[in-house]
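This is a predicted model, so every value here is computed, not measured. When reading the values below, keep in mind they use all heavy atoms of this one structure, side chains included, and skip hydrogens, waters and symmetry mates. Within every chain, numbering begins at 1; the chains are lettered A, B, ... in the order of the sequence lines, protein sequences first and strands thereafter.
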There are 2 protein chains.
Amino acid sequence: MIYFNSGDELLLVLEALSNQQRLKIIAVLSEGKQYVSQLARELGISRPLLYLHLQKLEEAKLVSSDMEILESGKAAKYYMLNPVQFEINEQMIHALAPSLTMKKKN
Amino acid sequence: MIYFNSGDELLLVLEALSNQQRLKIIAVLSEGKQYVSQLARELGISRPLLYLHLQKLEEAKLVSSDMEILESGKAAKYYMLNPVQFEINEQMIHALAPSLTMKKKN
DNA sequence: ATCATATGTAATGATTTTATTACAGGTAAT
DNA sequence: ATTACCTGTAATAAAATCATTACATATGAT
């Protein structure tokens with residue numbers, strides 16, 4: 001279960017989830033870990049773009065990664081889904097809103 | 001409680017929630033209905049921008065509006081929060097991902 | 001050596017989102 | 001009729017996000 005300690009943390013997760021591609025990535029990874037190139041093929045998107053999406057998911061701590069060796073002997077970067085489960089309601093938004101820092105993003 | 005009938009519906013809500021200003025709007029409206037001009041003053045943002053945010057929240061069915069007459073006699077557009085409560089987990093994302101239509105937005 | 005398949009990232013471009021300024025129109029009170 | 005509010009939107013600008021192309025590097029197999 002995911003708990004949010006600040007508005008910024010909540011927002012980070014919501015932003016990570018508010019994209020079709022990233023939702024699809026989560027859907028695929030929910031079936032098991034996968035490495036980047038294979039994942040890009042399955043989703044039909046370019047690898048650089050996939051990196052970008054994975055980075056956002058990783059920043060929100062929704063996925064993790066590690067390097068593994070394929071049967072072929074080549075190194076591959078595997079991504080796996082962290083447990084994703086949380087509730088949203090107006091009380092929590094009200095409670096966390098004050099800790100939203102009005103950032104301008106880099 | 002909010003239920004999602006498709007990936008697109010889920011995404012619409014997530015997109016509506018993935019913005020600081022809109023989270024703050026929800027926080028303010030959770031304390032009670034408010035009219036646009038007053039809300040803009042409270043949030044310290046321009047009215048045209050607020051309209052844009054409110055429109056997104058309304059499309060996601062998170063808020064509703066109606067015209068009312070102020071004590072002063074002037075017409076005001078009041079916005080109020082609809083019940084916001086739902087759960088997110090990987091099973092539902094997996095189930096709804098196939099019904100994500102890869103849109104290019106207008 | 002060449003091919004096939006991996007990772008990783010720089011540079012660039014296209015599109016969307018966010019935000020401001022500037023209008024036009026309405027009602028009520030002084 | 002001027003002031004002080006309100007709604008509503010067009011036009012534009014600024015910033016962030018999304019997406020592609022191109023390249024460098026590495027490993028194993030033929």
Could you pull out every donor-acceptor pair under 3.5 Å between side chains of residues 21-28 of chain B and any protein atom, sequence neighbours left out?
residue: B/R22; atom: NE; partner: B/A16; partner atom: O; Å: 2.8
residue: B/R22; atom: NH1; partner: B/H53; partner atom: ND1; Å: 2.9
residue: B/R22; atom: NH2; partner: B/E15; partner atom: O; Å: 3.1

- prompt: Does a side-chain N or O from B/R47 land closer than 4.0 Å to OP1 or OP2 of C/dA19, or not?
  reply: no
- prompt: A/S37 versus A/R47: any side-chain heavy-atom pair under 4.5 Å?
  reply: yes
task: For DNA chain C, determine which residues of residues 66-80 of chain B have any heavy atom closer than 4.0 angstrom to one of its atoms, and list them numerically.
output: B/S72, B/G73, B/K74
message: Between A/N19 and D/dC18, is there a contact of a side-chain N or O with OP1 or OP2 at under 4.0 Å?
response: yes
- request: Could you tell me which residues satisfy side chain to side chain donor-acceptor pair (under 3.5 Å) with B/Y79, sequence neighbours excluded, listed by chain and number?
  value: B/E58
- request: Pick base, sugar-phosphate or nothing for B/Y35, based on heavy-atom distances below 4.0 Å to the nucleic acid.
  value: sugar-phosphate
query: Is there a side-chain contact between B/L10 and B/I88, using heavy atoms and a 4.5 Å cut-off?
result: yes
- prompt: Could you state the OH-P distance from A/Y51 to D/dT21, rounded to the nearest angstrom?
  reply: 18 Å
query: Taking side chain as C-beta onward, heavy atoms only, is B/N82 less than 4.5 Å from B/L62?
result: no
message: For B/Q85 versus A/E87, what's the shortest heavy-atom pair and its separation?
response: NE2-OE2, 2.9 Å
- line: On a heavy-atom basis, the closest approach of A/I2 and A/V84 is CD1-CA, 4.2 Å
- prompt: Once you round it to whole Å, what is the distance between P of D/dT20 and CD of A/Q21?
  reply: 8 Å
- request: Find out whether B/L12 and B/E9 are in side-chain contact, i.e. whether some heavy atom of one side chain is under 4.5 Å from a heavy atom of the other.
  value: no
- request: For the side chain of A/P48, starting at C-beta, report the closest nucleotide among C/dT18, D/dA22, D/dG8.
  value: D/dA22
message: Please report the distance, rounded to the nearest Å, between CG in B/L49 and P in D/dT12.
response: 19 Å
statement: To the nearest angstrom, the CZ-P distance between B/R22 and C/dA19 comes to 9 Å
query: Does anything in residues 37-45 of chain A reach DNA chain C, meaning a heavy atom under 4.0 Å, and if so which residues?
result: A/S37, A/R41
task: Give me the residues of residues 52-64 of chain B where at least one heavy atom lies under 4.0 Å from an atom of DNA chain C, by number, or none.
output: B/L52, B/H53, B/K56
field: Separation of C/dT5 C1' from A/L50 CG (nearest whole Å)
entry: 16 Å
Do any side-chain atoms of residues 67-77 of chain A form donor-acceptor pairs under 3.5 angstrom with protein atoms, and if so which ones, sequence neighbours left out?
residue: A/E68; atom: OE1; partner: A/K33; partner atom: NZ; Å: 3.0
residue: A/E68; atom: OE2; partner: A/K33; partner atom: NZ; Å: 3.1
residue: A/S72; atom: OG; partner: A/K74; partner atom: N; Å: 3.4

